[in-house]
Amino acid sequence: TFTYNCLLNRLVRANRLDMANELFQNMLEARCSPNASTYIVLIRGLCRVGEVQEACKLVKQMKVLNLKPGLIDCNVVISDLCKAGRVTESLALFDQITNICTPDVVTYSTLIHSLHKVGKLDDALQLLVQMTDQGLKPDAVLYNIVISGLCKARKVSDALMFFRTMSKSCLPDQVTYSTLISGLCKERKVEEAFHLLNDMIERGQAPDVVTYTTLIHGLCIASRMDDAQKLLEQMVISGLVPTIITYTTMMSGLCKEGRVDEALELLQEMINRGCTPTVITYNSLINGLCRANKMEKAHELLAEMCKRGYKPDIFTFTTLIGGLCNAGKSDEAMHLLEDVVSRGEVIPDVVTYSVLMGGLCKEERLDEALALFKKMVQSGCKPNVITYNTLITGFRKAGKLDGALDLLTEMVESGFHPD
RNA sequence: UCGUGUGUUUGAU
């Protein structure tokens, strides 16, 4: 059994699930009994490639065979399922696991976090209550997860209330403060964010790179680029090394202020300091060039990023499509979309389509915009409020109030609330 | 022994 497990582990790690499965069958035929580890290895492999159904079958088999994996193994599997975006299956697994072993704070934390990610805040809260009913106390990580979930749901004041209940046994750490600072910044409460920075220092928690980057981002949102620049310098003086995220934040901020040339200078300076750009860095800069109507340069930068081995993603192409639309070149934008789709580079999403529809509307090509809308729906991509707003605004501006009204009706019928 | 949960950056009205 041990030998088989080792081999299976290697096969799974090498992404050879077909061979792993073959070996597993082989193992059963050889009357060599799999144990819990055997199953865990296979289940992890299946989760990683998204074969959740199969993974769940194995979980059931394991139960039938009365095999009992350890708690950490269970947590690993739950975490894998969550990472594969299968919260429902994770919860099902969780139910089964409660029969085999007792979930701990990590188990609950993993599940609560993934419920937040799919917007099920209430279910998450219920699970938290269930946990405390079991006599388990949240630790700092779980506090941070809950605080982060509240912040992302735009409930910063609730997050702050929950934060204030942290006491002796579980004090706020750097992550707690950075999470709250980020939440405040996104609600445009930079001053409060800086107050919290002072609090954290007073309470003996040193701000780290993430804290600084978060605050820099907050200043960017407030269009306070010069303050952002100063904070970056202050951060370096205090001995912290800016990361690629810090630089990208700065570049994105400069771009949004129309200072794309400075952003490009910063890119060069950053590379000289030995920090490597990411796709997000390039996307931010391409966006800056598009906003500044420097489409040729935007394409040049795209070519450069490709040459350096980066794969442009949906953000890159949507940004370029938007840039072309803004420049009144929705024909080129349409072509670009067709190109990337036919080359299979990316699958357009609701934002991509909406941007392009907006471009068509701007040129009063309303029929084409509607045709694109249909095409989007046919391809299985659901419109959202912004999609409808874009179209309605387009029709309205073109004086086609009937068309606008029809769309509004359709929007309401589809279950959207007009804003 | 090792392996599991948390914070910061990019696209639309």
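None of the values given here were measured: they were computed from a predicted structure. Heavy-atom basis, side chains included; hydrogens, waters and symmetry copies ignored. Numbered from 1 within each chain, the chains take letters A, B, ... in sequence-line order.
- Counting heavy atoms from C-beta on, the side chains of A:L231 and A:L219 come closer than 4.5 Å.
- Looking at heavy-atom distances under 4.0 Å, A:T248 makes contact with a base.
- Listed candidates were B:rU13, B:rU9, B:rU6. Nearest to the side chain of A:I245 is B:rU9.
- Side-chain atoms of A:D139 come within donor-acceptor range of the base of B:rG5, with a qualifying N/O pair under 3.5 Å.
- B:rU8 atom C1' lies 12 Å from atom CE of A:M200, rounded to whole Å.
- Among the protein residues, A:L285 comes within range of no part of the nucleic acid, since none of its heavy atoms lies under 4.0 Å from any strand.
- Under the 3.5 Å distance criterion, with hydrogens and angles disregarded, a donor-acceptor pair is assigned to the side chains of A:N283 and A:T316.
- Using a 4.0 Å heavy-atom distance criterion, A:K117 is classed as making no nucleic acid contact.
- For the residue pair A:S223 / A:E257, a side-chain donor-acceptor distance below 3.5 Å is found, with atom types taken as modelled.
- In this structure, A:S354 reaches the bases: a heavy-atom distance under 4.0 Å links it to at least one base atom across the strands shown.
- Taking atom CD1 of residue A:I112 and atom P of nucleotide B:rU4, one finds them 19 Å apart after rounding to whole Å.
- Nucleic acid contact for A:D349: base, since at least one base atom lies under 4.0 Å from a heavy atom of the residue.
- Between A:D173 and A:R203 no salt bridge is recorded (no basic side-chain N to carboxylate O distance below 4.0 Å).
- In this structure, OH of A:Y108 is placed 19 Å from C1' of B:rU6, rounded to the nearest angstrom.
- Relative to the side chain of A:I280, the nucleotides B:rU6, B:rU9, B:rA12 differ in distance, and B:rU9 lies closest.
- Residue A:T352 places a side-chain atom within donor-acceptor reach of the base of B:rG11, judged by atom type and a 3.5 Å distance cut-off alone.
- When the nucleotides B:rU6, B:rU8, B:rG3 are ranked by their closest atom to the side chain of A:T213, B:rU8 comes out on top.
- In this structure, CZ of A:F315 is placed 9 Å from P of B:rU10, rounded to the nearest angstrom.
- Relative to the side chain of A:T390, the nucleotides B:rU9, B:rG11, B:rU13 differ in distance, and B:rU13 lies closest.
- Nearest nucleotide to the side chain of A:I72, out of B:rG3, B:rU6, B:rU9: B:rG3.
- Remark: A:K83 is in phosphate contact with B:rG5, judged by side-chain N or O atoms under 4.0 Å from OP1 or OP2.
- The CE-P distance, from A:M305 to B:rU10, rounds to 15 Å in whole Å.
- One cannot find a donor-acceptor pair under 3.5 Å joining the base of B:rG7 and the side-chain atoms of A:D173.
- Between the CD1 atom of A:I181 and the C1' atom of B:rU6 there is a distance of 15 Å, given to the nearest Å.
- Distance from the side chain of A:V210 is smallest for B:rG7 among the nucleotides B:rG5, B:rG7, B:rG11.
- Nucleic acid contact for A:T214: sugar-phosphate only, since backbone atoms but no base atoms lie under 4.0 Å from a heavy atom of the residue.
- Counting any heavy atom pair closer than 4.0 Å across all strands shown, A:T211 reaches a base atom.
- Here B:rU9 is the nucleotide among B:rG3, B:rU9, B:rG7 with the atom lying nearest to any side-chain atom of A:H217.
- Straight-line distance from the OH atom of A:Y177 to the P atom of B:rU6: 21 Å, rounded to whole Å.
- Under 3.5 Å, the side chains of A:T1 and A:N35 contain no donor-acceptor pair of N or O atoms.
- Between A:I392 and A:M411, the shortest heavy-atom distance links the atoms CD1-SD, 4.0 Å.
- Nucleic acid contact for A:D208: base, since at least one base atom lies under 4.0 Å from a heavy atom of the residue.
- A straight line from CG of A:L289 to C1' of B:rU10 spans 13 Å, rounded to a whole angstrom.
- When the nucleotides B:rU9, B:rU10, B:rG7 are ranked by their closest atom to the side chain of A:K186, B:rU9 comes out on top.
- If you check every strand for non-hydrogen atoms under 4.0 Å, A:S178 touches a base.
- Among the atoms of the strands shown, only primed sugar atoms or phosphate atoms (P, OP1, OP2) are found under 4.0 Å from some heavy atom of A:V355.
- Closest approach to the A:S252 side chain among B:rU9, B:rU13, B:rU8 is made by B:rU9 (side chain taken as heavy atoms from C-beta onward).
- Here A:S284 lies in heavy-atom contact (under 4.0 Å) with sugar-phosphate atoms only.
- Residue A:K256 has a polar side-chain atom (N or O) positioned under 4.0 Å from OP1 or OP2 of B:rG11.
- A:V76 comes within 4.0 angstrom of sugar-phosphate atoms only, judged by non-hydrogen atoms across all strands, and of no base.
- At the heavy-atom level, A:V105 lies under 4.0 Å from base atoms of the strands shown.
- Residue A:I392 is classed as having no contact, given no heavy-atom separation below 4.0 Å to the nucleic acid.
- Among B:rG11, B:rA12, B:rU9, the nucleotide with an atom closest to any side-chain atom of A:I386 is B:rA12.
- Between A:Y177 and A:F163, the ring center distance clears the sub-6.0 Å criterion.
- Scanning atom types as modelled, one donor and one acceptor separated by under 3.5 angstrom connect the side chain of A:N384 and the base of B:rA12.
- A:T246 and A:T213 share a donor-acceptor pair across their side chains, judged by distance under 3.5 Å alone.
- Applying the 3.5 Å distance criterion, the base of B:rG7 shares no donor-acceptor pair with the side chain of A:T179.
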